[in-house]
Amino acid sequence: MSILQPGKKVALCSDHAGYELKRTIIEYLNGRGIATEDFGTDSADSCDYPDFAHPCALAVENGSDYPGIAMCGTGNGIAMTLNKHQGIRAALCWDTDLARLAREHNNANVLVLPARFIPADKALEIVDTFLNTEFEGGRHERRIEKIPVK
Ligand code: RB5
């Protein structure tokens, strides 16, 4: 089942290392009628991933967009930044099983991709899995409720 919500766009962000993959994903989603909001970066010129991760995280956190998809070279820097936001559960996924479990068990609201370590066709499979897997709830609900720092 799709996790897309009516009236909400998918939020995307990347640094220079993820720029090309982000363009590919936006084209893929828009071609399927899925609306996106791109928080940058806007070129392959060297830049700093937090400048784009924070605004993207805020949009998902405040509910104006859902879900998010983020990428940098390894995925680590952008995931670290996104996860500083209490309302964000960003999951670094390099295969479809990880994406499925990030949704089923962690209710991840941002998918993070390691752009320099996976081919584009694999990334699109991971995106499809993430966008079409629901949270299982139950015991996992209790666990994710304990994640934010109180
Ligand atoms: C950029 O060279 C690279 O450091 C960045 O994309 C990312 O991998 C950081 O975590």
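This is a predicted model, so every value here is computed, not measured.
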### Task
Give the C-alpha distance, both sets of side-chain angles, the deciding distance and a yes or no for side chain to side chain contact (heavy atoms under 4.5 Å, CB included) between Leu82 and Val60.
CA-CA 10 Å; Leu82 291 161; Val60 175; over 6 Å; no
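- Counting only distance, with no hydrogens or angles, the side chain of Asp95 and the backbone of Asp97 share a donor-acceptor pair below 3.5 Å.
- For Glu61, the side-chain hydrogen bond (donor to acceptor under 3.5 Å, both in side chains) criterion is met by His85, not counting sequence neighbours.
- Counting only distance, with no hydrogens or angles, the side chain of Ser64 and the backbone of Ala59 share a donor-acceptor pair below 3.5 Å.
- From Leu12, atom CG reaches atom OG1 of Thr36 across 6.0 Å, with rounding to the nearest 0.5 Å.
- No path of Ile, Leu, Val, Met, Phe, Trp and Tyr side chains, each step under 4.5 Å between heavy atoms, connects Phe39 with Val110, placing them in separate hydrophobic clusters.
- Looking only at distances, no side-chain donor or acceptor of Asp51 sits under 3.5 Å from a matching main-chain atom of Gly40.
- Within 6.0 Å of the NZ atom in Lys122, the count of heavy atoms belonging to other residues, nucleotides or ligands exceeds 12.
- Within a 6.0 Å radius of CD in Glu136, more than 12 heavy atoms belonging to other residues, nucleotides or ligands are found.
- Using modelled atom types, no side-chain atom of Asn106 and backbone atom of Ala108 make a donor-acceptor pair closer than 3.5 Å.
- Atom NE2 in His140 sits 9.5 Å away from atom CZ in Arg142 (nearest 0.5 Å).
- A donor-acceptor contact shorter than 3.5 Å is absent between the side chain of Arg23 and the backbone of Tyr19.
- Atoms CG and CD1, from Asn109 and Ile88 in turn, are 4.5 Å apart once rounded to the nearest 0.5 Å.
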Please tabulate, for the side chains in residues 68-78, all donor-acceptor contacts under 3.5 angstrom to protein atoms that are two or more places apart in sequence or on a different chain.
from  : atom 1 : to    : atom 2 : distance (Å)
Thr74 : OG1    : Asn76 : N      : 3.0

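- Minimum heavy-atom separation, Trp94 to Pro114: CB-CG, 4.0 Å.
- The closest side-chain heavy-atom distance from Arg89 to Asn107 is below 4.5 Å.
- In terms of heavy atoms, Thr41 sits closest to Lys22 at O-NZ, 2.6 Å.
- Between Leu21 and Ser14 there is no side-chain heavy-atom pair separated by less than 4.5 Å.
- Leu58 and Leu111 are not part of a single hydrophobic cluster, where members link through side-chain heavy atoms under 4.5 Å apart.
- His16 has its side chain out of reach of Asp45: every pair of non-hydrogen atoms, C-beta onward, lies at least 4.5 Å apart.
- To the nearest 0.5 Å, the span separating CD on Glu27 from CZ on Arg32 amounts to 10.0 Å.
- When all heavy atoms of Phe130 and Ala99 are compared, the pair lying nearest together is CD1-O, 4.2 Å.
- Looking only at side-chain heavy atoms (C-beta outward), Ile25 and Leu113 come within less than 4.5 Å of each other.
- Across Asn132 and Ser2, no two heavy atoms sit closer than the pair OD1-CA, 3.6 Å.
- With Asp121 contributing its side chain and Leu124 its backbone, the two residues share no donor-acceptor pair below 3.5 Å.
- Among all heavy-atom pairs drawn from Glu145 and Lys150, the shortest one is O-NZ, 3.2 Å.
- Criterion: ILVMFWY side-chain heavy atoms under 4.5 Å apart, direct or through other members. Under it, Leu131 and Leu101 are not part of a common hydrophobic cluster.
- Two residues are said to be in side-chain contact when any heavy atoms from C-beta on lie closer than 4.5 Å; Cys93 and Val112 fail this criterion.
- The SG atom of Cys56 sits 9.0 Å away from the CG atom of Asp38 when rounded to the nearest 0.5 Å.
- In plain terms, the two heavy atoms of Cys13 and Ala53 that are nearest each other are SG-CA, 3.9 Å.
- The line from CD1 of Ile26 to CD1 of Ile34 is 12.5 Å long, rounded to the nearest 0.5 Å.
- Between Arg103 and Phe135, some side-chain heavy-atom pair lies under the 4.5 Å cut-off.
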